[in-house]
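Small disclaimer: the values here were computed from a predicted structure and weren't measured. Every chain is numbered from 1, with letters handed out A, B, ... down the list of sequences.
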Amino acid sequence: MKVRVKLFAVARQLAGRDELELSLPAGATIGELRHALGEQSPELASLAQHAMFAVGTEYADDRTTIPENADLACIPPVSGG
Amino acid sequence: MKVRVKLFAVARQLAGRDELELSLPAGATIGELRHALGEQSPELASLAQHAMFAVGTEYADDRTTIPENADLACIPPVSGG
Amino acid sequence: MVELTQTTIDTAEVLRCVSSPAAGAVVLFLGTAREFTAGRRTASLDYECYPAMAEKKLAELEAEARRRWPIVACAIVHRVGHLDLGEASVAVAVSAPHRHTAFEAGRWLIDTLKEVVPIWKKENWADGASKWVHPGLTQPNDECANDE
Amino acid sequence: MVELTQTTIDTAEVLRCVSSPAAGAVVLFLGTAREFTAGRRTASLDYECYPAMAEKKLAELEAEARRRWPIVACAIVHRVGHLDLGEASVAVAVSAPHRHTAFEAGRWLIDTLKEVVPIWKKENWADGASKWVHPGLTQPNDECANDE
């Protein structure tokens, strides 16, 4: 399946864009997304190890299965406030 | 010596005035003032046991000797804020 | 900056007073006139103080806070006189490089103000009774006539 | 009430939003753009967020604070975009019957906001460099070119 991942802050800066498209096997997990993101975009590999990911507007852990057509986002360590 | 004691809040209310004049022996302490206040104005006796006293603008304990011409104040438990 | 005032506390001015590019955090505390206390309805409040001593104690609080914490600025304004429901009786503002400093200093300032500064509150209850509030003091009558 | 805004935070409006005769205490926290961090001078800040998720997380923070403490009202406003020195990036206001509740809830809200809400700060240093701030993250270059 094709998924699109929103990028923010240093992730957006490193990738030079605010969204990436990846191909993942159906039923892939966030852990697999984390790995695939680093493979496809080596400049994001280190960050992808330390970022959180969101499915829709909720944080998801590495075991979470990615639903079809999910809104995915890479969430680097936050610094609001 | 004659001393004048400022009264506030319930002390002022109970005494019906905002200042009292008392006669104390020269060299009297705050402890003696506390006692004399209750003797002279029985309506203040209970409060005088529990109030703080100030010499000038500083809290004073019972052993403090009252200077001549001191500004004295009876400070019931405070409730600002 | 410390102040006793007879009029409405200008919170915008209090905040301006502590704002600084050296500060990353500002904490403002407002004490406000609450309608219900232990189920009993308040109509208004009156605050009275011993002015010279209250000002001195407030200034001492600011100085002690500056000794204890690396704060940038501090403002304490206490209102005296008659307050309607919802109005602020006190404003304490602290700015500091970091937020934990501002929270700790702000909380210490209002906690200590309530223990040592010679200011007194009178509750004017909605049922017409009035009573000076003196924490820890057993008063002859729970309800005294208004003395003003 | 939670809000993301592109413009100056109106602190008077934030305070109005939490004021209530049911409250005896209001605590307002402001995070402000500080000039020096570890001796290095900041010229300005930029904040970016994931809007839909940031709003949801802010609303969850308010709901959780209401579960944890008997607060009367709560307002959280976070600014995004470009900020000059001294400007407020965030305002958190809590009103409660008693002050300790307001302090505890206010401090928990800003502490937790800084951990979970998807908002990011970029420091624009006075020397011309810029850097996204990502606590705990080792970044390839300590100084990256401004990406805007």
Looking only at D:Gly86, D:Ala12, D:Pro21, D:Gly24, the option with the highest number of non-hydrogen pairs under 4.5 Å against chain C is D:Gly24
Given C:Ala93, C:Pro97, C:Ala102, the one with more heavy-atom pairs under 4.5 angstrom with chain D than any other is C:Pro97
Given C:Ala33, C:Ala23, C:Gly106, the one with more heavy-atom pairs under 4.5 angstrom with chain D than any other is C:Ala23
Bottom line for C:Ala25: the part with an atom under 4.5 Å from chain D's heavy atoms is both
- Message: Please verify the inter-ring angle class for C:Phe103 with D:Phe29; under 30° counts as parallel, over 60° as perpendicular, anything in between as tilted.
- Response: parallel
Put together the list of donor-acceptor pairs under 3.5 Å connecting chain D with chain C, please.
{"unit_1": "D:Pro21", "atom_1": "O", "unit_2": "C:Glu35", "atom_2": "N", "d": "2.7"}
{"unit_1": "D:Ala23", "atom_1": "O", "unit_2": "C:Thr32", "atom_2": "OG1", "d": "2.7"}
{"unit_1": "D:Gly24", "atom_1": "O", "unit_2": "C:Thr32", "atom_2": "N", "d": "2.9"}
{"unit_1": "D:Val26", "atom_1": "N", "unit_2": "C:Leu30", "atom_2": "O", "d": "2.8"}
{"unit_1": "D:Val26", "atom_1": "O", "unit_2": "C:Leu30", "atom_2": "N", "d": "2.8"}
{"unit_1": "D:Leu28", "atom_1": "N", "unit_2": "C:Leu28", "atom_2": "O", "d": "2.8"}
{"unit_1": "D:Leu28", "atom_1": "O", "unit_2": "C:Leu28", "atom_2": "N", "d": "2.8"}
{"unit_1": "D:Leu30", "atom_1": "N", "unit_2": "C:Val26", "atom_2": "O", "d": "2.8"}
{"unit_1": "D:Leu30", "atom_1": "O", "unit_2": "C:Val26", "atom_2": "N", "d": "2.8"}
{"unit_1": "D:Thr32", "atom_1": "N", "unit_2": "C:Gly24", "atom_2": "O", "d": "2.9"}
{"unit_1": "D:Thr32", "atom_1": "OG1", "unit_2": "C:Ala23", "atom_2": "O", "d": "2.7"}
{"unit_1": "D:Arg34", "atom_1": "NH1", "unit_2": "C:Pro97", "atom_2": "O", "d": "2.8"}
{"unit_1": "D:Arg34", "atom_1": "NH1", "unit_2": "C:His98", "atom_2": "ND1", "d": "3.4"}
{"unit_1": "D:Glu35", "atom_1": "N", "unit_2": "C:Pro21", "atom_2": "O", "d": "2.7"}
{"unit_1": "D:Pro97", "atom_1": "O", "unit_2": "C:Arg34", "atom_2": "NH1", "d": "2.8"}
{"unit_1": "D:His98", "atom_1": "ND1", "unit_2": "C:Arg34", "atom_2": "NH1", "d": "3.4"}
{"unit_1": "D:Arg99", "atom_1": "NE", "unit_2": "C:Asp111", "atom_2": "OD1", "d": "2.8"}
{"unit_1": "D:Arg99", "atom_1": "NH2", "unit_2": "C:Asp111", "atom_2": "OD1", "d": "2.9"}
{"unit_1": "D:His100", "atom_1": "ND1", "unit_2": "C:Arg107", "atom_2": "NE", "d": "3.2"}
{"unit_1": "D:His100", "atom_1": "ND1", "unit_2": "C:Arg107", "atom_2": "NH2", "d": "2.7"}
{"unit_1": "D:Arg107", "atom_1": "NE", "unit_2": "C:His100", "atom_2": "ND1", "d": "3.2"}
{"unit_1": "D:Arg107", "atom_1": "NH2", "unit_2": "C:His100", "atom_2": "ND1", "d": "2.8"}
{"unit_1": "D:Asp111", "atom_1": "OD1", "unit_2": "C:Arg99", "atom_2": "NE", "d": "2.8"}
{"unit_1": "D:Asp111", "atom_1": "OD1", "unit_2": "C:Arg99", "atom_2": "NH2", "d": "2.9"}

